[in-house]
Amino acid sequence: MSRRALPRLRIQVTGGWPRRTLVLTDTPRPNCQECEGDGGFEYDYGDHNGEYAGTEWDPCTCWNENRRWTLLPLPRLPRWLRRHRAVRDPWASDGYSNELPF
């Protein structure tokens, strides 16, 4: 008798198009012998000169990263609750001095 692997589900909010949605997603098997619960394998690769060119990620066979079910679309915030553009602080540390003006 073979044991069927049960899905390990998690509720997640996606910020995709056309609006935010609540979805149910599958997660990697925590006791997987191959990926040790990470869900995939990360490796670096180089260009033809041997220089670092980036990092690639391959998913493990213990889960399907595209397996997701939409539960419900989340309502949009009313216009009066949406964040407005913040006023830029001239004394903040993002390129301006944070010292007092004297």
Side-chain angles (χ1 to χ4, degrees):
M1 181 197 277
S2 66
R3 295 180 73 190
R4 193 176 116 180
L6 296 174
R8 292 137 322 268
L9 302 175
R10 158 179 76 191
I11 294 178
Q12 189 175 29
V13 175
T14 62
W17 176 257
R19 62 195 226 187
R20 294 176 357 133
T21 307
L22 201 61
V23 294
L24 196 60
T25 62
D26 190 18
T27 58
R29 202 170 63 225
N31 56 354
C32 177
Q33 299 278 333
E34 295 175 27
C35 69
E36 298 174 351
D38 290 336
F41 310 99
E42 188 175 77
Y43 59 91
D44 299 331
Y45 62 93
D47 60 8
H48 64 280
N49 292 329
E51 296 292 323
Y52 174 78
T55 302
E56 192 66 43
W57 190 83
D58 290 332
C60 184
T61 57
C62 71
W63 73 302
N64 182 352
E65 62 184 325
N66 297 320
R67 188 183 309 167
R68 59 183 60 212
W69 298 274
T70 300
L71 297 178
L72 70 136
L74 296 175
R76 299 180 199 273
L77 287 175
R79 189 167 284 202
W80 59 275
L81 273 178
R82 293 182 193 157
R83 288 188 173 180
H84 299 288
R85 178 177 272 175
V87 177
R88 188 172 184 149
D89 183 11
W91 306 109
S93 61
D94 57 348
Y96 288 98
S97 173
N98 59 358
E99 297 292 323
L100 295 175
F102 53 84

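From a predicted model like this one, the values you see are computed outputs, not experimental measurements.
Note that SG of Cys35 is 9.0 Å distant from CH2 of Trp63, once rounded to the nearest 0.5 Å. To the nearest 0.5 Å, atom OH of residue Tyr43 and atom CH2 of residue Trp57 are 11.5 Å apart. In this structure, CG on Leu71 lies 11.0 Å from CD on Gln12, to the nearest 0.5 angstrom. Taking CZ of Arg10 as the reference point, atom OG1 of Thr27 lies at 6.0 Å (rounded to 0.5 Å). A distance of 10.5 Å separates CD in Glu56 from CG in Asp44, rounded to the nearest 0.5 Å. With rounding to the nearest 0.5 angstrom, the CD1 atom of Ile11 is 6.0 Å from the CG atom of Leu24.
Considering every non-hydrogen atom in both Gly15 and Arg20, the closest pair reads CA-CG, 4.0 Å.
In summary, of the residues considered (Arg29, Gln33, Glu34), a side-chain contact (heavy atoms from CB on, under 4.5 Å) with Cys62 occurs for Arg29 alone.
In this structure, Cys60 and Pro28 have side chains that are not in contact, with every pair of non-hydrogen atoms separated by 4.5 Å or more.
Leu72 is connected to Leu9 through a chain of hydrophobic side-chain contacts under 4.5 Å among Ile, Leu, Val, Met, Phe, Trp and Tyr, so both are in one cluster.
Using a distance-only test at 3.5 Å, with no hydrogens or angles considered, no donor-acceptor pair links the side chain of Asp38 to the main chain of Gly40. The main-chain N or O of Asn49 is found under 3.5 Å from a side-chain atom of Asp47 such that the two form a donor-acceptor pair.
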